[in-house]
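A note on names: the letters A, B, ... follow the listed sequences, proteins ahead of strands, and every chain is numbered from 1. If you're wondering where the values come from, they're calculated on a predicted model, not measured in any experiment.
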Protein chains: 2
Amino acid sequence: MNIVQEESRRDRKKLQRRTLLIEIARRFIATKGLRSLKVRDVADAAKCSIGSVYNEFGDFDGLILTVNRETVEALTTRLKAVPADDPLRQLHGLADAYLGFASEHANLLRSLFEHRMEDDRPFPEDILAMVMDAFALMHAPLVRLLPDRDPNDVALLSRMMFSAVHGIISLGLEERMVAVPPEMLRERLAQFVDTHLAGLGVSRGDQV
Amino acid sequence: MNIVQEESRRDRKKLQRRTLLIEIARRFIATKGLRSLKVRDVADAAKCSIGSVYNEFGDFDGLILTVNRETVEALTTRLKAVPADDPLRQLHGLADAYLGFASEHANLLRSLFEHRMEDDRPFPEDILAMVMDAFALMHAPLVRLLPDRDPNDVALLSRMMFSAVHGIISLGLEERMVAVPPEMLRERLAQFVDTHLAGLGVSRGDQV
DNA sequence: CTCGAAAATGAACATTGTTCAAGAAGAATC
DNA sequence: GATTCTTCTTGAACAATGTTCATTTTCGAG
């Protein structure tokens, strides 16, 4: 009996189905929004029983949170792919990457930020940490651009900046209450970053 | 028969109950979040039947939207109460008023921004317009601070600025993913507004 | 007081998340 | 290969909740 590594046939099938279920749930959320996600639809699409979904994810929230977890992962991957050579370009790249991800996966991102737990169950720690990590990605380039500031200050600044960018994008992409016309969003966002950096005393030539 | 003005006993009672139902629904949303709002709970609390709720609001969304409508109204009232004497102070006042409202009525504001309609029914035009109106309140002071800019530009700037403030506040108040420590939020928000204005070329002495 | 319109009622229904006892499938042991 | 034990799968049944509607009640008009 091989306790450790052996990937039994059972395990393989289990993982395969788990992946399938997540994929299906993600497609439902992405195309029709979180509210349209139904256990029965997922089970039907995966050609398995309702019970199997519960077996795999515990409850409905479990499935949603799994999709959300992968959404943060994808977002983080995309943000980390932004070149870090030049801090100014990196900041713009981060804002732009966030915008790109948000417009391509609007419903997935909404699911991440808007989903409320049943009852008063606490929001999972790990997802929270992952979101914070993503938000912290603006920290490094800002430190390079503001070498003389108190690091604690810069940490807060970066979170503020990311929150602001998040607000502009999430309201800007909300097709109902269009706060900013979509076509312009991209350039306006860049303008916003520039303006804010200028306010922080960083001019375009300030690169390290 | 008096067709026009007579406020019949029936009408009085109807209005009275409508108000009661809205009040109850609001309290549920405010204290326990939108997800916890249940038709039966509302009906029970108002000591009337489920049917009466439907009679009054058409469907569940109707009740939620009515509460949300009053939430924007209250927010707008509060924002409009900010003194307009000095544009710089007014901008800070608006940001601060928004923060105040958001922290006192976190769940109500969330309900406004996060509620999704059933199926694909369109978001009500009037609420949309009211939110846009509220967002536009930053426009006037910005115009005074930036008299030389293209007015269209300023209009977009003000919406961007409000969206940014909204992002900072809504993420900042989210007790799960705390992007900014709550105690600091107020001063940080003021700092943000200052920084951004500085980036726009407005210094503290620039008042009209 | 009578009549008709409007409102109120709540049982019944539809949808959807959740549970669980029974059965099927697979692994371990001989 | 048969047996046994564990684990997974199933789907019927249940629970919670939004919605409908035939019936009853209320109430103003004549």
### Query
For D:dT10, does OP1 or OP2 lie under 4.0 Å from any side-chain N or O of A:Ser52?
yes
### Query
Can you name the closest pair of heavy atoms from A:Thr71 and A:Phe101 and give their distance?
O-CZ, 3.7 Å
#### Entry: Sugar-phosphate, base or nothing in reach of A:Leu63, heavy atoms under 4.0 Å
nothing
### Message
By nearest atom, which of the nucleotides C:dT9, C:dG17, D:dG18 is closest to the A:Lys38 side chain?
### Response
C:dG17
#### Entry: Nearest atoms (heavy-atom pairs only) where B:Arg78 meets B:Ala97
NE-O, 4.0 Å
## Note on the structure
Here the distance between atom P of C:dA25 and atom NZ of A:Lys13, to the nearest Å, is 9 Å
### Query
Between B:Leu21 (CG) and C:dA7 (C1'), how many Å, whole number?
14 Å
### Query
Expressed in angstrom and rounded to an integer, what is the separation of A:Lys14 atom NZ from C:dA25 atom P?
17 Å
### Query
Atom CD1 of B:Ile50 to atom P of C:dA14: distance rounded to whole Å?
16 Å
### A:Glu70 with A:Arg26: basic N within carboxylate O range, under 4.0 Å
yes
### Query
How close or far is atom P of C:dA7 from atom NZ of B:Lys47, stated in whole angstroms?
23 Å
### Query
Base, sugar-phosphate alone, or nothing: which one does B:Phe60 contact when heavy atoms must sit under 4.0 Å apart?
sugar-phosphate
### A:Arg17 side-chain N/O to D:dC8 phosphate OP1/OP2 under 4.0 Å
no
### Query
Any side-chain N or O of A:Asn55 less than 4.0 Å from the OP1 or OP2 oxygen of D:dT9?
yes
### Message
Assess the residue pair A:Arg35 and B:Glu114 against the criterion (salt bridge (Lys or Arg N to Asp or Glu O under 4.0 Å)); give the C-alpha distance rounded to whole Å, side-chain angles, the decisive distance to 0.1 Å, and a yes or no.
### Response
CA-CA 11 Å; A:Arg35 273 195 76 161; B:Glu114 292 179 5; over 6 Å; no
### Task
Let me know, please, whether A:Gly58 or A:Asp41 comes out on the 5' side of the other along DNA chain C by nearest nucleotide.
A:Asp41
### Task
Using whole Å, report how far CD of A:Glu118 lies from P of C:dT16.
15 Å
### Task
Would you kindly give the CZ-to-C1' distance between B:Arg121 and D:dT19, to the nearest whole Å?
11 Å
#### Entry: Out of D:dT10, D:dT17, D:dA13, whichever nucleotide has its closest atom nearest the side chain of B:Arg40
D:dT17
### Query
In whole Å, what is the span from the CG atom of B:Asp59 to the P atom of C:dT15?
16 Å
### Query
Charged N to carboxylate O below 4.0 Å: is that the case for B:Arg188 and A:Asp153?
yes
### Residue met sooner reading DNA chain D from 5', once A:Glu56 and B:Gly51 are mapped to nucleotides
A:Glu56
